[in-house]
Amino acid sequence: MSTQFSMLSIMNAALLAQGQQEIVSENDGSMEYRLMARNWPGIVEAELEDGAYRYSKQEAHLVSRQPGKFDFADGYLVPDAALHVRQVWLQSDSGQRHELTWTQDATCVYLNNSDGCWIEYVVCPEPDLWGANFVRGVQKRMEAVISRAIKEEFSEAEALDSAAEMYFQRARTISSKSRSGKPFYKKGPIASARMRRG
């Protein structure tokens, strides 16, 4: 049975662990909610960018051309949900990828190709898609914020940040293992023949 996580449930787990009052509802006007909401995007988005989590990756074929910038001839609008772009490539009819030199700003990627491009970009998925270790990492990071801002316990906050990093590292490892169903090696002709016989 999977657990459903939400922003509010994670914030409340952090508050209760630090001996604080729960937030009754989002935007309840409390100092606790304002503190947590102000820090939430930076904590979550920074880790999603750093961790290359499988559930934060999306691909798109961009064709909405804009004038180029930064010494590139062509620009293409990036989806609004994108936190940042990780890769840009062209794809041949045979499916072969050709990596490109590119850059981006807040709205577009820029490159030299007038026929569009493919991108892999990072999105911020809803908490119910996160793994348990990622959730615990966010909770511990939020606890560190509470420890600094409300309790003024700076050494405890450092320990909580270290605990968060440990959970995030576990989450990154699990995500990287589940990223691809492809084998780590290519079978040679002898191994392929043996597999066909079986």
Side-chain angles (χ1 to χ4, degrees), residues 1-60 62 77-87 104-109 119-180:
M1 186 171 81
S2 65
T3 305
Q4 293 291 312
F5 298 110
S6 69
M7 181 177 77
L8 197 60
S9 69
I10 297 167
M11 287 178 173
N12 279 333
L15 285 163
L16 291 173
Q18 290 297 307
Q20 305 298 311
Q21 294 292 314
E22 280 187 290
I23 299 166
V24 179
S25 63
E26 288 187 32
N27 299 315
D28 68 356
S30 66
M31 186 240 345
E32 289 84 359
Y33 180 79
R34 290 194 310 272
L35 173 69
M36 305 293 266
R38 194 174 305 125
N39 285 278
W40 179 269
I43 290 169
V44 172
E45 292 175 15
E47 179 55 27
L48 287 171
E49 288 179 6
D50 289 346
Y53 294 94
R54 62 180 162 67
Y55 46 80
S56 71
K57 294 193 316 183
Q58 299 283 329
E59 287 186 2
L62 306 184
L77 285 174
V78 172
D80 289 340
L83 298 177
H84 80 271
V85 175
R86 282 199 181 119
Q87 295 180 40
Q104 79 173 103
D105 62 15
T107 57
C108 293
V109 292
I119 65 167
E120 178 187 296
Y121 61 96
V122 179
V123 296
C124 187
E126 292 299 314
D128 60 351
L129 295 178
W130 301 348
N133 282 302
F134 188 94
V135 169
R136 288 288 286 166
V138 172
Q139 178 189 328
K140 291 298 176 188
R141 201 70 92 199
M142 297 302 277
E143 285 184 48
V145 168
I146 296 163
S147 190
R148 277 188 198 91
I150 296 175
K151 297 168 62 180
E152 297 184 353
E153 295 283 346
F154 300 103
S155 59
E156 179 188 32
E158 281 184 36
L160 289 163
D161 277 330
S162 294
E165 191 54 40
M166 179 192 69
Y167 283 112
F168 284 144
Q169 190 55 51
R170 285 183 189 165
R172 291 172 196 157
T173 301
I174 291 166
S175 183
S176 70
K177 286 179 182 175
S178 63
R179 216 173 274 160
S180 174

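One is the number of the first residue; the rest follow in order along the sequence.
The side-chain hydrogen bond (donor to acceptor under 3.5 Å, both in side chains) test applied to Ser30 returns Asp28, not counting sequence neighbours. The salt bridge (charged side-chain N to carboxylate O under 4.0 Å, His left out) search around Glu120 returns Arg86, not counting sequence neighbours. Remark: Glu32 pairs with no residue by the salt bridge (charged side-chain N to carboxylate O under 4.0 Å, His left out) rule, at least two apart or across chains. Judged as a ring pair (Phe, Tyr, Trp, His ring centres under 6.0 Å), and not counting sequence neighbours, Tyr167 has no contacts.
With contacts defined as side-chain heavy-atom distances shorter than 4.5 Å, the pair Leu35/Ile150 qualifies. The closest side-chain heavy-atom distance from Leu15 to Met36 is below 4.5 Å. Pro127 places none of its side-chain heavy atoms less than 4.5 Å from the side chain of Val135. Counting heavy atoms from C-beta outward, Val145 and Ile43 have side chains that approach closer than 4.5 Å. A heavy-atom distance below 4.5 Å is found between the side chains of Leu160 and Gln18. Inter-residue side-chain proximity for Ile119 and Gln87 is flagged as unmet; no heavy-atom pair is nearer than 4.5 Å.
Between the side chain of Asn12 and the backbone N or O of Ile23 there is at least one donor-acceptor pair closer than 3.5 Å. In terms of modelled atom types and a separation under 3.5 Å, the side chain of Gln104 and the main chain of Val85 share a donor-acceptor contact. Looking at Thr107, its side chain never comes within 3.5 Å of a backbone N or O of Leu77 through a donor-acceptor pair.
A pairwise comparison of heavy atoms in Phe168 and Gly137 identifies CZ-C, 3.4 Å as the closest pair. Taking each heavy atom of Tyr33 and Glu26 in turn, the nearest pair found is CE1-CA, 3.8 Å.
Sorted pairs that involve residues 35-44 and meet side-chain hydrogen bond (donor to acceptor under 3.5 Å, both in side chains), not counting sequence neighbours, are lacking altogether. Residue pairs meeting the salt bridge (Lys or Arg N to Asp or Glu O under 4.0 Å) criterion with at least one member in residues 136-147, sequence neighbours excluded, are Lys140-Glu143, Arg141-Asp161, Arg141-Glu165.
There is a side-chain donor-acceptor pair under 3.5 Å between Ser147 and Glu156.
Interatomic distance, Arg172 CZ to Asn133 CG, rounded to the nearest 0.5 Å: 11.5 Å. With rounding to the nearest 0.5 Å, the separation of CG in Leu16 from CE in Met11 is 13.5 Å.
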